[in-house]
Amino acid sequence: MTTDDDHPSPPFGRALCAMVTPFTGSGALDLDGAQRLAERLVAAGCDGLVLSGTTGESPTTTDAEKSALVAAVREAVGGRAALVAGVGTADTRHTVELARAAERAGADGLLVVAPYYSRPPQDALEAHFREVADACGLPLALYDIPGRTGTRIEPDTLVRLADHPRIVAVKDCSYDLLGTQKVLARTGLAYYAGCDEQILALYALGATGYVSTVANVVPGLFRAVLDAFDAGDTREAARLQRRALALIEPVMAAGLPGTVTTKALLGALGLPSGPVRAPLRPADRETTEGLLTAYRELTAGAAQFQA
């Protein structure tokens, strides 16, 4: 059985969902739908919700919508779950503004992605994160996803940033197990697996938990993976992780962004989702039917995993 020392203290809980941002049929922000979805996810075992992340279509929501979303979800879930607001942009000043707005709206923490497109060198990247952390009173999770941003947060940079009292966590989509282990060995940063297929692998190495897109539709499944591992049943943890691949693959690796596939599946299940915003386009009927079939096969006989 694991001990408390095996994983850093979870600043936002262990089981986090990267929640979609529901829209109405006309494409407007659906705050009622967001509240209903958030309540459902928390009731099903999510310790925290990441709002306005990649899955939440942050590039196409306005600053006002981002703040309204945090305030509405906070009203719905109260103190039952941590709310982590995605505030990262390619502009340091804008990121600071969003960070302060999220704090005012009721967020518990911030998810700050590496500035994208401009590809700053590591010293500039470090200065960016420190400026954001200095600008407000909330703890930060740094989002390392070089496949989207074009810039890696190098392990040595993360080690240096760990000395800041408000930089407490990393959402890891680096696909670099060696680099991740280096940071885990040299810092107290809480690591969250940001790629659903790596949840068990990173947890076994000492990560704190996960931020999952697939958890929008199976919120209990990955929590069960962690629970089995913590109970010392590594075989069961591995079985559940492999079982999840039946949905991870069509949602996250089918050639469409996870936001598109997740919203399609949520909509097919009658749950709040709505359309995606351009330039994203909705999944076609064949894709949606395939997602629904995969979901039904995964959850057959396992009501605790169902959305």
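No hydrogens, no waters, no symmetry mates; every other heavy atom, side chains included, goes into these values.
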Looking only at atom types and distance, does a side-chain atom of R277 sit under 3.5 Å from a main-chain N or O of G27, one as donor and one as acceptor?
-> yes
Output the distance between atom OG1 (T293) and atom CD (E297), rounded to the nearest 0.5 Å.
-> 6.5 Å
How are the rings of Y203 and F229 set to each other: parallel, tilted or perpendicular (split at 30° and 60°)?
-> perpendicular
pair Y191-L202: side-chain heavy atoms closer than 4.5 Å | no
Under the side-chain hydrogen bond (donor to acceptor under 3.5 Å, both in side chains) rule, what do E131 and T92 come out as? Steps first, then yes or no, please.
-> CA-CA 8 Å; E131 185 169 341; T92 301; 5.2 Å; no
Which of these, L221, V217, V214, I248, sits in a side chain to side chain contact (heavy atoms under 4.5 Å, CB included) with L298?
-> L221
For E249, look at atom CD and say whether over 12 heavy atoms of other residues, nucleotides or ligands are found less than 6.0 Å away.
-> no
Smallest separation among heavy atoms of T288 and A264, with atom names | OG1-CB, 3.7 Å
Does R100 reach the main-chain N or O of A135 with its side chain, forming a donor-acceptor pair under 3.5 Å?
-> yes
So among L110, V87, V84, which one has a side chain to side chain contact (heavy atoms under 4.5 Å, CB included) with L138?
-> L110
CA sep, side-chain torsions, deciding dist, call: V260, T287, side-chain contact (heavy atoms from CB on, under 4.5 Å) = CA-CA 10 Å; V260 172; T287 298; over 6 Å; no
Heavy-atom neighbours of R80 CZ exceed 12 at 6.0 Å = yes
Apply the test side-chain hydrogen bond (donor to acceptor under 3.5 Å, both in side chains) to residues T262 and T213: give CA-CA distance (whole Å), side-chain angles for both, the deciding distance (0.1 Å), then the verdict.
-> CA-CA 8 Å; T262 301; T213 293; 5.7 Å; no
Mark yes or no for whether E126, through its side chain, and R160, through its backbone, hold a donor-acceptor pair below 3.5 Å.
-> no
Is it true that atom CZ of R148 has more than 12 heavy atoms of other residues, nucleotides or ligands lying nearer than 6.0 Å?
-> no
Derivation of the side-chain hydrogen bond (donor to acceptor under 3.5 Å, both in side chains) call for T149 and T151 | CA-CA 5 Å; T149 65; T151 302; 4.9 Å; no
